[in-house]
K.L.:
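Mind looking over this structure? Questions follow.
Protein chains get the first letters and strands the later ones, always in sequence-line order, with residue 1 at the start of each.
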Number of protein chains: 2
Amino acid sequence: MNKKNNVSIKDVAKASGVSITTVSRIINNTGRFSKVTQKKVIQTINDLGYEQNKLAVSLRSNKSNTVGIMVPDITNEFYSAIVKKCEQLLFSNGYSSIICNTERSSEREAAYSQVLMEHRVDGLIIISSAIDDSKVIKTTTIPTVYIDRDPHSHNELIVSSDHYTGGEIATKFILNHQLNPFLIMTKTKTSSTMERVRAFKDVLKEHQITDIESRILSLDLTSDKFLETVPSLDSYLQKIVSLKKPAGIFGINDNVAYMIIRAAQRLNINVPKTISVIGFDGNSFSEISAPKITTIVQNTTKLAQESCRLLLQQMTTQDKDVSPAIIKVPVQLVIKESTVH
Amino acid sequence: MNKKNNVSIKDVAKASGVSITTVSRIINNTGRFSKVTQKKVIQTINDLGYEQNKLAVSLRSNKSNTVGIMVPDITNEFYSAIVKKCEQLLFSNGYSSIICNTERSSEREAAYSQVLMEHRVDGLIIISSAIDDSKVIKTTTIPTVYIDRDPHSHNELIVSSDHYTGGEIATKFILNHQLNPFLIMTKTKTSSTMERVRAFKDVLKEHQITDIESRILSLDLTSDKFLETVPSLDSYLQKIVSLKKPAGIFGINDNVAYMIIRAAQRLNINVPKTISVIGFDGNSFSEISAPKITTIVQNTTKLAQESCRLLLQQMTTQDKDVSPAIIKVPVQLVIKESTVH
DNA sequence: CTGAAAGCGCTAACAC
DNA sequence: GTGTTAGCGCTTTCAG
């Protein structure tokens, strides 16, 4: 019950009375061979149930047809959507994916990185890794595409949503509705987060608002914990309400936006009348929550497409002549029920 | 930029002035070698940045240290939670996972199945595959664990939640609260679904309820589409309400339960006063939805643990002497706001 | 304690 | 059109 299919190309060759080379040629459809032998060989392949051993092919050709995908958390809908689409695109181009869940842990990233190298992956897609990722992977030089990452050198392929513009749109929306602007975020300092924050600050500055830092609350937890109750959030909301001016809160992502709404409801603060909340990502949470969340939607399909396009291009191109690129995918404001009209 | 690390064991051997064999022994810590050579070799390994080529190891040892995980939809939270945990458990036991998203399509399953065989995976975890999976994989004989699958032969390792008991608990809950029982499901006919339905029917029979079939609505869509509006659902709910008796609806999973609640709200039907809704799975949806959904929670951690335990056991055991097993993981009723108290 | 040599399954010159 | 041969990087007898 525990044995693998052991028919090798040699067996096929013997059984069909030709040489190994001929069989190889027929399998890969390279070189020349007669229709007759082809038919014969294909017949025996079927009879014997031969399956090509990719391990041997990879070893020989120094090409594994495998790519690694590093992702912080596959149960996060935003990431899983990207992973799913990448995996499909790569698969239809003949690549298998090894998906690695890093939990934003450097140790896990390092361990996976090692394993992927040992498996001789032909390429790497790294999604929003920890800040210090540069150390982990940088020594190797296989084709790599980053999704959501700060440009470190000028030598990288980076795809990301246009977080800065998204942050601008959200903040301007708040200001245009005469709302008192605030930002609530978590401690996770990814580049995508920081861009959104930067936009928030810039827009406030443009509007001559000075007490910017006091308008930002950074929660001491990750947004996976969005179902928990956080006292600091509650008190911050109460402070906001005490100002007696309708507020507009930019939640750094939909999970945080949801936390804010839930906290407001617990505190009997009306959303959107007293506070408007705007999120980021476009999770299904934003759709499920009551009220539904106004949010900046990221285009996961496009993110996956661009990433795979770049990676495939780089993997197939012989070498060097792929120029580095930073691709920004547009985001879109979708207005729902958590903001004033 | 596009070249792989090419230091081989041969280079290490040459550089440290010993034979390939010795290096191999030191890497794998097999056989005997002196402390002195060990130190010398490890030194050169570091100097040269040698990384073992797993492809070659696998080819030689006929063991890839890779397992395949087939999953219907990785963006589904229930599945992604299982996959994530399996992947972690396997990784900490030295296995890499190739995750395959089948979309419940037989063609995709077949294609992946082929690829996994070619990659010579050592084992397979197949989560809730399509009905006709038996054909796809059955020819091969590598260690396989199924999560949520009908027992087809007596030769399989199957892990699943105790769907039948879960269905019983849900249905009895409805009956015990004097509610008029109904079941709403989707067309997806997986074994897990069918078990829940069977339990519903059995409990109703026990209570001498005869018009069972008319109490079941099967929606003509998959539950991924739970944000859509479905006319047949609306009219069914209206029919239920017209009976003027508080109803208890068993939604076959949390997505469906959510659909029901959303539809009820649209139709101004009070949940839970007019209809109580009980789901299955324990998604975060059940927590996010307003009202929060009473549901039968599956233990994804346990499901993953049991599956990996069986798989690892089967992969490491030399052969045969692993006995088939069907493991039922307990489920738990969690009462929230969508049902009467 | 260490090394030489065979071979895992396959591809790619290079013959014929 | 087909076959011979070398070798990808590694493990594993078998001999010292």
Side-chain angles (χ1 to χ4, degrees), chain A residues 3-42 44-45 48-66 94 114-115 117-122, chain B residues 3-42 44-45 48-66 94 114-115 117-122:
Chain A
K3 228 186 54 194
K4 298 188 185 182
N5 183 351
N6 271 325
V7 189
S8 83
I9 196 172
K10 203 189 278 180
D11 302 320
V12 176
K14 203 177 297 171
S16 48
V18 297
S19 77
I20 295 179
T21 315
T22 303
V23 177
S24 171
R25 281 200 269 257
I26 290 171
I27 292 169
N28 300 295
N29 197 27
T30 55
R32 286 192 324 243
F33 43 82
S34 73
K35 280 263 173 271
V36 196
T37 40
Q38 180 184 31
K39 195 171 171 189
K40 193 169 53 183
V41 168
I42 290 183
T44 39
I45 284 179
L48 270 51
Y50 166 77
E51 275 167 342
Q52 192 185 42
N53 186 330
K54 288 287 194 232
L55 259 27
V57 177
S58 300
L59 179 59
R60 183 59 233 245
S61 59
N62 199 29
K63 190 163 179 327
S64 65
N65 281 295
T66 302
Q114 171 77 11
V115 168
M117 289 307 100
E118 290 177 347
H119 277 272
R120 296 299 194 265
V121 292
D122 295 329
Chain B
K3 228 186 55 195
K4 298 189 187 181
N5 183 352
N6 271 325
V7 189
S8 83
I9 196 172
K10 202 190 277 179
D11 302 320
V12 177
K14 204 177 296 171
S16 47
V18 297
S19 76
I20 295 179
T21 316
T22 304
V23 178
S24 170
R25 280 200 269 257
I26 290 172
I27 292 170
N28 300 295
N29 197 27
T30 55
R32 285 190 325 241
F33 42 82
S34 71
K35 280 263 175 269
V36 196
T37 39
Q38 181 185 32
K39 195 170 170 188
K40 193 169 54 184
V41 167
I42 289 182
T44 38
I45 284 179
L48 270 51
Y50 166 76
E51 275 168 342
Q52 193 185 41
N53 186 331
K54 288 286 193 230
L55 258 29
V57 176
S58 301
L59 178 59
R60 183 58 232 246
S61 59
N62 199 30
K63 190 162 180 327
S64 64
N65 282 295
T66 301
Q114 170 77 11
V115 168
M117 289 308 101
E118 290 176 347
H119 277 272
R120 295 301 192 265
V121 292
D122 296 329

K.L.:
Could you report the tightest heavy-atom contact between B:Val121 and B:Ser64, atom names first, then the distance?
P.N.:
CA-OG, 3.5 Å
K.L.:
How is B:Thr37 classified with respect to the nucleic acid when contacts are heavy atoms under 4.0 Å: base, sugar-phosphate, or nothing?
P.N.:
sugar-phosphate
K.L.:
What's the closest nucleotide to the side chain of A:Ser34 if the choices are D:dT2, D:dA6, D:dT12?
P.N.:
D:dT2
K.L.:
Look at the side chain of B:Ile9 and decide which nucleotide, out of D:dC8, D:dC10, D:dG9, has an atom nearest to it.
P.N.:
D:dC10
K.L.:
In whole Å, what is the span from the CG atom of B:Asn28 to the P atom of D:dT12?
P.N.:
7 Å
K.L.:
Any base atoms under 4.0 Å from A:Leu55, or only sugar-phosphate, or nothing? Heavy atoms, all strands.
P.N.:
nothing
K.L.:
Quick check: closest heavy atoms across B:Leu55 and A:His119, and the distance to 0.1 Å?
P.N.:
CD1-O, 3.8 Å
K.L.:
Output the rounded distance in Å from CZ (B:Phe33) to P (D:dT11).
P.N.:
13 Å
K.L.:
Looking at B:Glu51 and A:Arg120, what are the two nearest heavy atoms and their distance?
P.N.:
O-NH2, 3.2 Å
K.L.:
Starting at atom CG of A:Asn53, determine the distance to atom C1' of D:dC10, rounded to an integer number of angstrom.
P.N.:
14 Å
K.L.:
Tell me if the side-chain of A:Arg120 makes a donor-acceptor pair with the base of D:dG9, cut-off 3.5 Å, by modelled atom types.
P.N.:
no
K.L.:
How many whole angstroms separate atom CG of B:Asn29 from atom C1' of D:dT11?
P.N.:
15 Å
K.L.:
Can you tell me how far P of D:dG1 sits from CD1 of A:Ile26, to the nearest Å?
P.N.:
12 Å
K.L.:
Mind listing the side-chain donor-acceptor pairs of residues 25-33 of chain B below 3.5 Å, one per line with the distance, residues two or more places apart or on another chain?
P.N.:
from	atom 1	to	atom 2	distance (Å)
B:Asn28	ND2	B:Ser24	O	2.9
B:Asn28	ND2	B:Ser24	OG	3.4

K.L.:
Regarding A:Thr21, tell me which of base, sugar-phosphate or nothing describes its non-hydrogen contacts under 4.0 Å with the strands shown.
P.N.:
base
K.L.:
Carefully, step by step, assess A:Val57 and A:Gln52 under the rule side-chain contact (heavy atoms from CB on, under 4.5 Å).
P.N.:
CA-CA 8 Å; A:Val57 177; A:Gln52 192 185 42; 3.6 Å; yes
K.L.:
If you look only at distance, which donor and acceptor atoms sit under 3.5 Å apart when one is on a side chain in residues 8-20 of chain A and the other is two or more places apart or in another chain?
P.N.:
from	atom 1	to	atom 2	distance (Å)
A:Ser8	OG	A:Lys10	N	3.1
A:Asp11	OD2	A:Ser8	N	2.8
A:Ser16	OG	A:Val12	O	2.6
A:Ser19	OG	A:Thr21	N	3.4
A:Ser19	OG	A:Thr22	N	3.3
A:Ser19	OG	A:Thr22	OG1	3.2

K.L.:
Ignoring backbone atoms, test whether B:Gln52 places a side-chain nitrogen or oxygen under 4.0 Å from the OP1 or OP2 oxygen of D:dT11.
P.N.:
yes
K.L.:
Find which nucleotide of DNA chain C each of B:Arg25 and B:Arg60 is nearest to by heavy atoms, and output the residue with the more 5' nucleotide.
P.N.:
B:Arg25
K.L.:
Whole angstroms only, please: what is the NZ-P distance between A:Lys54 and D:dG9?
P.N.:
20 Å
K.L.:
Between A:Ile20 (CD1) and D:dA6 (P), how many Å, whole number?
P.N.:
14 Å
K.L.:
Tell me what B:Ile27 touches on the nucleic acid: a base, only sugar-phosphate, or nothing, going by heavy atoms under 4.0 Å.
P.N.:
nothing
K.L.:
When you list every nucleotide of DNA chain C with an atom under 4.0 Å from a heavy atom of chain A, which one comes first 5' to 3', and which comes last?
P.N.:
C:dC8 to C:dA13
K.L.:
Could you tell me the separation between the CG atom of B:Asn53 and the CG atom of A:Asn62, rounded to the nearest 0.5 Å?
P.N.:
8.0 Å
